[in-house]
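Here is the structure we will look at.
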Amino acid sequence: MAQFAFQNVTFSYPKCDHPALDKVSFEIEAGSYVMLCGKSGCGKTTLLRHLKTVLTPHGTRTGQILFEDVPLDQVSQREQSAKIGYVMQNPDAQVVTDKVWHELAFGLESMGCDQRTMRLRVAEMASYFGIQGWFHKDVKDLSGGQKQLLNLASIMAMQPSVLILDEPTSQLDPIAATDFLNTVRKINLELGTTIILSEHRLEETFSAADRVLVMKQGRILADGEPHEVGQKLITAGDEMAAALPAPMRIFYGVNSGAAASQVAAADCPLTVREGRTWLTQNFSDIPQDKRSLPDAAEYEETDDNIVLSFKDVWFRYERELPDILRGTSFDVHKGELFALVGGNGTGKSTTLKCACGVTKPYRGTIKIKGKKLKDWKNSELFRGCIAMLPQDPQNLFVKKTVRADLEEMIDSKGLTPEQVQEKVLEVARTCDVERLLDSHSFDLSGGEQQRAALAKVLLCDPEILLLDEPTKGIDGFFKRELAGVLARLREKGMTIVMVSHDIEFCAHYATSVSMFFDGGVVTTNTPRRFFAQNSFYTTSANRMSRHLFENAIVDEDVIALCKNA
């Protein structure tokens, strides 16, 4: 029996020219693991929200959605709450109580469970998800990974038959994301819960899925087993091929051109382990002198052209709480793309807030372009000097349309209305939000909001750009576009400081990478030196190939070494 069935579903948001869902039809069998992917704004979140009537967006819909052979709108809210679990993209958006144990019990209490049943289920979920150590904590004191795990445990306490997850790892560090996704896979395998997962981060999820649905402009572009879908995207030259797992990109990169369509799809490795085996079987006889790439020199700390400097900076949010920053010291040089990586809750975002004066440390010195931060006037600092894209882009939206939000940032003195519109259009084209200018900011997908927020920040014309998780919620195709935007900004002299959990993006495009741990920067090095020596904070390409190749960190490195053998 199909658990969900979409029958020719078309949906349009109010005042939109194009449908968000266009004649979508498919079925999902009970107990399956279904992966939903596609570019930002393709309709993934819209589709998922139609799977639960309380979350269905406002608009016009035709067609029918069935749940266990019953029209979904005829299924009671109580039954939907019990059987259909939904984990949102933002962990904070789903938390409703103050304590961890309150959150675990909230859904059960709302359903009217008796106290004995409630205690048993809460205890079981806390044990299963390893929550005992922070069972009595305040929710506000949890890291992003802990909050997302709590959301998952709270849903699973109600024993749903289907679990829907909308980009649940977008705000998690690589290790926390892997742990979370492994737990989701375990739920599917051991409990038989149907999983419907939307993700941009395909490295961990693509291989786990029984079936992959790829969406494009509101339609189903591809539907099938992961090997088949991957081959179809690559041989068709589709933009989504850029988001496929590194083992697949490397396999088809080595077997490029006409060979890509001739190899059997099943021969393509999906996981790092399969990729390692494939490399060993085919390239283990490569001579030793052809197993490495020309290595870049180590990162040199100099006093030349320093535009942002932290010296022994200490910060805590409240007097009685522990320090978040503990003697943080580092320098950023003009024109760099300086990346900070590390676990959730280590202080990376706090560092950016201190750099632009949003929070003030109680000890230490921060300098912008050689001048102490405290000596800058706000009118000088935030107009043409420094700007920050926060982790939650919604914090920047205050107007009714994207266009109005962008116009707000332009100093219109001496400019005609036509010149103002030209500036808006220029930055909108740069960030690929031109078609979204007349939309309300809160009607956009997570990735679209991220791009619109970046456009707004760029209109400040900063010399120093602070980016907190800039690739969160955006697809692999626009990541390349974003990298091009950042490269052009650096060519004009802009310096970029980026906090990111996106290891692949940092490896490809950063000029230097720093590990943030225990309230400070532990080490800084070039991407090749930094990622080649790590075990977990490194790329899939490196983990897949390090037994053969010394310093390959991105898929292009591995492909080049294989082809030059």
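Sequence positions, counted from 1, serve as the residue numbers for this chain.
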Leu104 vs Phe129, side chain to side chain contact (heavy atoms under 4.5 Å, CB included): CA-CA, chis, key distance, verdict: CA-CA 11 Å; Leu104 286 170; Phe129 289 96; over 6 Å; no
Decide side chain to side chain contact (heavy atoms under 4.5 Å, CB included) for Phe135 and Val122; before the verdict, give the C-alpha distance in whole Å, the side-chain angles of both, and the deciding distance to 0.1 Å. CA-CA 10 Å; Phe135 187 73; Val122 167; 3.7 Å; yes
Hey, mind stepping through Ser198 and Glu167 against side chain to side chain contact (heavy atoms under 4.5 Å, CB included) and telling me if it holds? CA-CA 5 Å; Ser198 168; Glu167 297 185 33; 3.9 Å; yes
Do Thr194 and Gln3 pass the side chain to side chain donor-acceptor pair (under 3.5 Å) test, and can you show the C-alpha distance, the side-chain angles, and the key distance before you say yes or no? CA-CA 8 Å; Thr194 303; Gln3 196 145 35; 2.4 Å; yes
Do Thr350 and Tyr317 pass the side chain to side chain donor-acceptor pair (under 3.5 Å) test, and can you show the C-alpha distance, the side-chain angles, and the key distance before you say yes or no? CA-CA 10 Å; Thr350 300; Tyr317 282 100; 2.8 Å; yes
Evaluate the criterion side chain to side chain contact (heavy atoms under 4.5 Å, CB included) for residue pair Arg211 and Phe26; output intermediate values, then yes/no. CA-CA 12 Å; Arg211 177 180 169 199; Phe26 63 89; 3.7 Å; yes
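Lys348 places a side-chain N or O within 3.5 Å of a backbone atom of Gly342 that can act as its donor or acceptor partner. Remark: the backbone N or O of Tyr86 is not paired with any side-chain donor or acceptor of Lys52 at under 3.5 angstrom. Between the side chain of His227 and the main chain of Cys268, a donor-acceptor pair closer than 3.5 Å is present. A distance-only check finds no donor-acceptor pair linking the side chain of Arg219 to the backbone of Lys23 [under 3.5 Å]. Remark: the backbone N or O of Val95 is not paired with any side-chain donor or acceptor of Lys147 at under 3.5 angstrom. With hydrogens and angles ignored, the 3.5 Å screen pairs no side-chain donor or acceptor of Thr538 with any backbone N or O of Ala532. In this structure, Glu124 contributes its side chain and Leu120 its backbone to no donor-acceptor pair below 3.5 Å. The main-chain N or O of Gly364 is never found under 3.5 Å from a side-chain atom of Asp312 such that the two would form a donor-acceptor pair. With hydrogens and angles ignored, the 3.5 Å screen pairs a side-chain donor or acceptor of Gln80 with a backbone N or O of Val75. With hydrogens and angles ignored, the 3.5 Å screen pairs no side-chain donor or acceptor of Lys479 with any backbone N or O of Ala243.
Note: Phe505 CZ to Leu482 CG = 4.5 Å, rounded to the nearest 0.5 Å. The CG atom of Leu36 lies 6.5 Å from the CD1 atom of Ile220; values are rounded to the nearest 0.5 Å. Expressed to the nearest 0.5 Å, how far CG of Leu108 lies from CZ of Phe106 amounts to 11.0 Å. For the atom pair Gln450 CD and Leu396 CG, the distance stands at 9.5 Å (nearest 0.5 Å). Here the straight-line distance linking atom CG of Asp518 with atom CG of Leu325 works out to 11.0 Å at 0.5 Å rounding. For the atom pair Lys360 NZ and Lys353 NZ, the distance stands at 14.0 Å (nearest 0.5 Å).
Side-chain contact between Phe530 and Thr523: present, with at least one pair of heavy atoms (C-beta onward) separated by less than 4.5 Å. Side-chain contact between Phe397 and Leu444: absent, with no pair of heavy atoms (C-beta onward) separated by less than 4.5 Å. Residues Thr169 and Thr205 form no side-chain contact, since every pair of their non-hydrogen atoms from C-beta on lies 4.5 Å or further apart. Using a 4.5 Å heavy-atom cutoff, the side chains of Glu109 and His102 are not in contact. Side-chain atoms of Met240 and Cys37, non-hydrogen and from C-beta on, do get closer than 4.5 Å to each other. Under the 4.5 Å side-chain criterion, counting only non-hydrogen atoms from C-beta, Val402 is not in contact with Glu448. Side-chain contact between Asn151 and Met88 is absent, with no heavy-atom pair separated by less than 4.5 Å. Within the 4.5 Å cutoff, side-chain heavy atoms of Arg121 are placed close to those of Gln159.
Using cut-offs of 30° and 60° for the angle between ring planes, the Trp314 and Tyr362 rings count as tilted. Between His440 and Phe442, the two ring planes are tilted [angle within 30° to 60°].
Of all heavy-atom pairs spanning Gln64 and Pro71, the tightest one is NE2-CG, 3.6 Å. Listed here is the closest heavy atom pair of Pro269 and Pro247: O-CB, 3.7 Å. Taking both residues in full, the closest heavy atoms of Met498 and Cys506 are given as CE-SG, 3.8 Å, listed atom of the first, atom of the second, then distance. Closest approach of Pro226 and Asp210 over heavy atoms only: CD-O, 3.9 Å. Residues Asp555 and His508 come closest through the heavy atom pair OD1-NE2, 3.5 Å.
A donor-acceptor pair shorter than 3.5 Å cannot be found between the side chains of Asn542 and Thr539. Checking Ser439 against Tyr13 by side-chain atom types alone, no donor-acceptor pair falls below 3.5 Å. Remark: the Glu103 side chain and the Thr97 side chain contain an N/O donor-acceptor pair separated by less than 3.5 Å. A donor atom on one side chain and an acceptor atom on the other are found under 3.5 Å apart for Asn188 and Arg185. Using a 3.5 Å distance cut-off with no hydrogens or angles, the side chains of Glu203 and Ser540 do pair a donor with an acceptor. A donor and an acceptor atom, one from each side chain of Ser349 and Asp468, are located under 3.5 Å apart. Defined by atom type and a distance below 3.5 Å, a donor-acceptor pair is present between the side-chain atoms of Gln77 and Thr53.
Listed by chain and number, the residues in a side-chain hydrogen bond (donor to acceptor under 3.5 Å, both in side chains) with Asp138 are Lys99 (sequence neighbours excluded).
Annotation: cation-pi pair Lys186/Tyr128 present, NZ/CZ under 6.0 Å from the ring centroid and within 45° of its normal.
Taking the charged nitrogens against the carboxylate oxygens, Lys83 and Glu68 do have a contact shorter than 4.0 Å, which makes a salt bridge.
Around the NE2 atom of His547, the shell of radius 6.0 Å holds more than 12 heavy atoms that belong to other residues, nucleotides or ligands. Atom CD of Gln217 has 12 or fewer heavy atoms from other residues, nucleotides or ligands within 6.0 Å.
When each of Val497, Leu389, Val457 is tested with Leu467 by the rule side-chain contact (heavy atoms from CB on, under 4.5 Å), just one qualifies, namely Leu389.
The distance between the ring centers of Phe67 and Phe4 falls below 6.0 angstrom.
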